[in-house]
*Asks:* 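Below are the structure tokens for one structure; questions will follow.
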Amino acid sequence: MSPGRAFRSRSLTALALCCAAASAGAAEVTIYRCTDAQGRLTLRDTPCASGQRQQTQTMLRPVDPPPRPPTAVQPAAAPAPTAAAPRPRVLVIQPPRPMYECVTPDGERYTSDTSEGNPRWLPMWSLGYPAYPSRNPLGDRVGAPPPRLGDPDARLPRHGHGYGVLYGGNTLARDECHALPQQDVCARLRDRRYQLDRRYNSALQSERAQIVEQQRGIDARLNTDCGAY
């Protein structure tokens, strides 16, 4: 068999197999096998042209397969629960407690936790203000002669039947205070802690409890205010 005939035979066989795979209830179809004068073979579903050799074969018409059942739509997967965001932590940073150095009018220096220092009441005369005479409740210089000219008491105006001095009241004295740098504050706290250690060794039993309490306060302040110093 020539190669052309073998190819045409295989094509016809393949077409026949495709048609045979259709369902049994499909309509029949006639296949025309046409060969022209040059020996060329064609397959068609209509009769061959005049002058061509014609062969026919009846087959089942192929039909489309039944439609596929609709695919069930899978529900969308629920999103994975996200981890709850951590609650923000609130940190309260306490600023270092200040310390002030104060100076009394006499030049004495001391430290204070407030800018007020050590306010105190002083008589006006101690600050240089003048004193004024007042009536002496004992009478007119009982048992003494009247003041003579040149006597210091003679310069005091006479009030009633006696002499005395009225000191113009009191006044609130405040010392001059200024804040210390934090580095100096920590250094003075450590010096105070060292002095308390030395006092503890020679202190009485009744005083040691007070010293321990003061040491605890200084230690707490050193931990909170002097970490970087």
Side-chain angles (χ1 to χ4, degrees), residues 1-100 111-115 178-194 212-229:
M1 182 183 295
S2 65
R5 288 182 178 274
F7 174 77
R8 287 192 294 270
S9 177
R10 287 195 297 269
S11 299
L12 184 61
T13 302
L15 181 61
L17 292 175
C18 291
C19 294
S23 61
E28 293 182 352
V29 61
T30 301
I31 301 300
Y32 295 89
R33 184 171 181 271
C34 304
T35 305
D36 59 6
Q38 286 78 23
R40 292 176 297 186
L41 176 65
T42 58
L43 299 176
R44 50 194 297 175
D45 57 353
T46 58
C48 299
S50 59
Q52 293 181 343
R53 189 176 59 180
Q54 174 176 295
Q55 295 177 342
T56 61
Q57 186 172 358
T58 302
M59 298 182 179
L60 297 177
R61 183 184 297 275
V63 296
D64 295 332
R68 294 182 178 180
T71 305
V73 179
Q74 297 294 334
T82 58
R87 298 180 59 183
R89 299 179 58 187
V90 179
L91 299 179
V92 179
I93 301 177
Q94 181 178 0
R97 293 170 53 189
M99 181 181 291
Y100 299 85
T111 58
S112 173
D113 290 336
T114 65
S115 59
H178 65 276
L180 292 172
Q182 188 61 27
Q183 187 173 359
D184 291 349
V185 172
C186 297
R188 298 198 181 199
L189 288 174
R190 294 187 181 97
D191 291 344
R192 190 180 303 176
R193 182 68 166 80
Y194 175 73
V212 170
E213 184 177 357
Q214 295 178 14
Q215 289 175 336
R216 289 176 179 174
I218 294 176
D219 291 341
R221 189 167 178 180
L222 287 172
N223 291 334
T224 56
D225 297 350
C226 300
Y229 297 94

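Scope of the values below: all heavy atoms of this structure, side chains included, with no hydrogens, waters or symmetry mates. Numbering starts at 1 and runs along the sequence shown.
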*Asks:* What I want to check is whether the side chains of R44 and T42 have a donor and an acceptor closer together than 3.5 Å.
*Replies:* no
*Asks:* Could I get the full list of side-chain hydrogen bond (donor to acceptor under 3.5 Å, both in side chains) partners for Q215, not counting sequence neighbours?
*Replies:* D197
*Asks:* To the nearest 0.5 Å, tell me how far T35 OG1 sits from Q52 CD.
*Replies:* 7.5 Å
*Asks:* Please name all residues satisfying side-chain hydrogen bond (donor to acceptor under 3.5 Å, both in side chains) with Q55, sequence neighbours left out, ordered by chain then number.
*Replies:* R33
*Asks:* To the nearest 0.5 Å, what is the distance between CZ (R97) and CD (Q182)?
*Replies:* 10.5 Å
*Asks:* Identify the two heavy atoms, one from L189 and one from C226, that lie closest to each other, and give their separation to 0.1 Å.
*Replies:* CD1-SG, 4.3 Å
*Asks:* What pair of heavy atoms forms the shortest contact from R53 to C48, and how long is it?
*Replies:* O-SG, 4.2 Å
*Asks:* Which heavy atom of R221 sits nearest to which heavy atom of V185, and what is that distance?
*Replies:* NH2-CG1, 4.2 Å
*Asks:* Drop me the distance from Y32's OH to L43's CG, to the nearest 0.5 angstrom.
*Replies:* 13.0 Å
*Asks:* Please list, chain by chain and in numerical order, all residues satisfying side-chain contact (heavy atoms from CB on, under 4.5 Å) with P98, sequence neighbours excluded.
*Replies:* Y100
*Asks:* Measuring from atom OG1 of T56 to atom CD1 of I31, what distance do you get when rounded to the nearest 0.5 angstrom?
*Replies:* 10.0 Å
*Asks:* What residues form a side-chain hydrogen bond (donor to acceptor under 3.5 Å, both in side chains) with T111, not counting sequence neighbours?
*Replies:* R192
*Asks:* What residues form a salt bridge (charged side-chain N to carboxylate O under 4.0 Å, His left out) with D184, not counting sequence neighbours?
*Replies:* none
*Asks:* Of all residues at least two apart in sequence or in a different chain, which pass the side-chain hydrogen bond (donor to acceptor under 3.5 Å, both in side chains) check with T82?
*Replies:* none
*Asks:* Once you round to the nearest 0.5 Å, how far does CD of Q94 lie from OG1 of T224?
*Replies:* 6.5 Å
